[in-house]
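Just below is one structure, and these are the notes that go with it.
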Amino acid sequence: MTKFGDHIVREGLIKGAKAEYLADQLVVKLKGSWVKDTGARQKVMDRLPEGTRVESSFNRMGIGVFRLPEGADSLRVASELQEQEAEFVDYAQAGVLHRNQQK
Amino acid sequence: MEENRKVDTYKGRRIVTTMVNGKPVETVEGLYSWAQVPVAPATRGMADAETRRRRSYFDLSTGVPAIGASASGALVVNPLAIHRGAVAPDDPEFHRQWGLHHIRADEAWSLWNGNAERVVVAVIDSGIPIADNARSHPDLAEERLIFGKNFHSPGSPPMDDHGHGTHVTGILSARRDNQEGIAGLWAGGRVVAYKVFNEDNIGTDQMFNNAVLEALDFAEAAGARLVINYSGEGPDTPTSKATVDQLRAEGALLVAAAGNQGTAGVGFPGGYSTVNDAVLCVGSVNASHRRASSSGVGPAVSVVAPGVDIFSTFPNYPVTVNAGGASYTSMSGTSMATPLVAALACMIWSQRPEFTAQEVAQRIRETSASLGGAHEFGSGIIDARAAMSGL
């Protein structure tokens, strides 16, 4: 199993392209009008699997980062959350890796 | 109007004509350069192990500087030559920085008369050389190099444990005219180093997002324009896209590498240049101005810059890609081309602070020298002199 820090790395398709993603990290962006709404934030967090922790709270762009419990897969959770909370959620995605590749 | 600042003295000394190898050369009266070339190549675990070379300058009136007793090899002494229209910096490895010569950096420097305080450049990479909480590299030791956040070790300074960030930062902004190492293209203004890439040179799109927001806040507080240098690449994700949309909305310019996937295409965030005019996507060429085989191609490529065998700073302690801890080395990739474009953006913006990010990007593109196919080269290779002329 590949790791990034203490995150689990998997390969999957993002927008049809092969990508390395963090299976236990979920990135959620709230829609603009809900960014500062604590009720909307809580509703989104309530939808996440039990055992989910806040890795970084919603920033000024409305992006929050969550650590999913063991066994969860961020691609699947992201898809479900986006469907269930379409009113509040701009998007939900797995955290993905960026690489510098020099020679 | 194009006009170079006329230089009749250098460091208070007259410029005179001297015959060197039978040819008249403008030199600085009384100043000589010396180069000591050891016989043995360095064995520091470098991929491109090379003969170490120490070069410096001395004043004839004070005599030849002492040479270490353990030194071996040839000593070469020459009059210190001047580039008419521009003064070559006294950084002893400047002659190895072919990229600066190809984009006419020294002529651009002579044309610059901006205010460096007007611009901040954020280098979002693997960090800079730091030891005991202090800048540890002599060419990256100025206070204008500011510690940004370390996203891998919160609360710690952005220490480079890989080497990539140090190399990029040196290309962009190593101290110039300090008789040490190399010259950075943008050697005047504030550089904030954010660490998003770890010892394996890997980060995430979420770290990219956080670093950009931090840089935007820093620049706003400083009352300065913001140029962001980013070499990482990943897939097209909503977070990367939203991040570049945000920096555009806040007036910043992102200079991003095209990535090293060659004909497989361009990575992101550089790939957003097709939909976001605050993004310049940079490809890489070699000294023959041919595309580096690994340089990403496609409609997103905005411009190209020298990116093959680029000599720059390196952490002066052991890191992932160099256990020996050499202070300088050569590297290749679009990562090495990108900081030249970011530095040029700083030069332009510091001289014309009323420009928008889009106007800075446009200036760089329209003054580039065409090399042919846009999918490979975009608008062409950047030309620092042309970009600064008439500003």
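Naming: A, B, ... by sequence-line order, numbering from 1 per chain.
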Top residue by heavy-atom pair count (under 4.5 Å) with chain A, among [options]?
options: B:Gly232, B:Gly203, B:Gly163; answer: B:Gly203
options: B:Gly165, B:Pro235, B:Gly267; answer: B:Pro235
options: B:Asn210, B:Val168, B:Asp217, B:Asn198; answer: B:Asp217

Side-chain heavy-atom pair A:Leu22, B:Thr204 within 4.5 angstrom cut-off: yes
So do A:Asn59 and B:Asn209 actually touch side chain to side chain, heavy atoms under 4.5 Å? yes
Determine the minimum heavy-atom distance between B:Ile202 and A:Phe4, stating which atoms define it. O-CE1, 3.3 Å
Roughly how far, to the nearest 0.5 Å, is CG of A:Asn100 from CD of B:Glu233? 8.5 Å
So how far is it from B:His164 NE2 to A:Arg99 CZ, rounded to the nearest 0.5 Å? 12.5 Å
Got a sec: does the [atom1] of [X] have more than 12 other heavy atoms crowding it under 6.0 Å?
X: A:Lys43; atom1: NZ; result: no
X: A:Lys36; atom1: NZ; result: no
X: A:Gln84; atom1: CD; result: yes

At under 4.5 Å between heavy atoms, what parts of residues 60-82 of chain A are in contact with chain B? List them by residue number. A:Arg60, A:Met61, A:Ile63, A:Val65
Could you check B:Phe151, B:Phe268, B:Tyr230 and say which one makes a ring pair (Phe, Tyr, Trp, His ring centres under 6.0 Å) with A:His98? B:Tyr230
Considering only heavy atoms, which portion of [X] lies under 4.5 Å from any heavy atom of chain A: side chain, backbone, both, or neither?
X: B:Ala242; answer: both
X: B:His152; answer: side chain
X: B:Gln206; answer: side chain

Check the side chains of B:Asp205 and A:Gln93 for a donor-acceptor pair under 3.5 angstrom, ignoring hydrogens and angles. yes
Ignoring hydrogens and angles, state whether a donor on the side chain of B:Thr237 or A:Tyr91 is under 3.5 Å from an acceptor on the partner side chain. no
Which portion of A:Glu20 sits near chain B, non-hydrogen atoms under 4.5 angstrom: neither
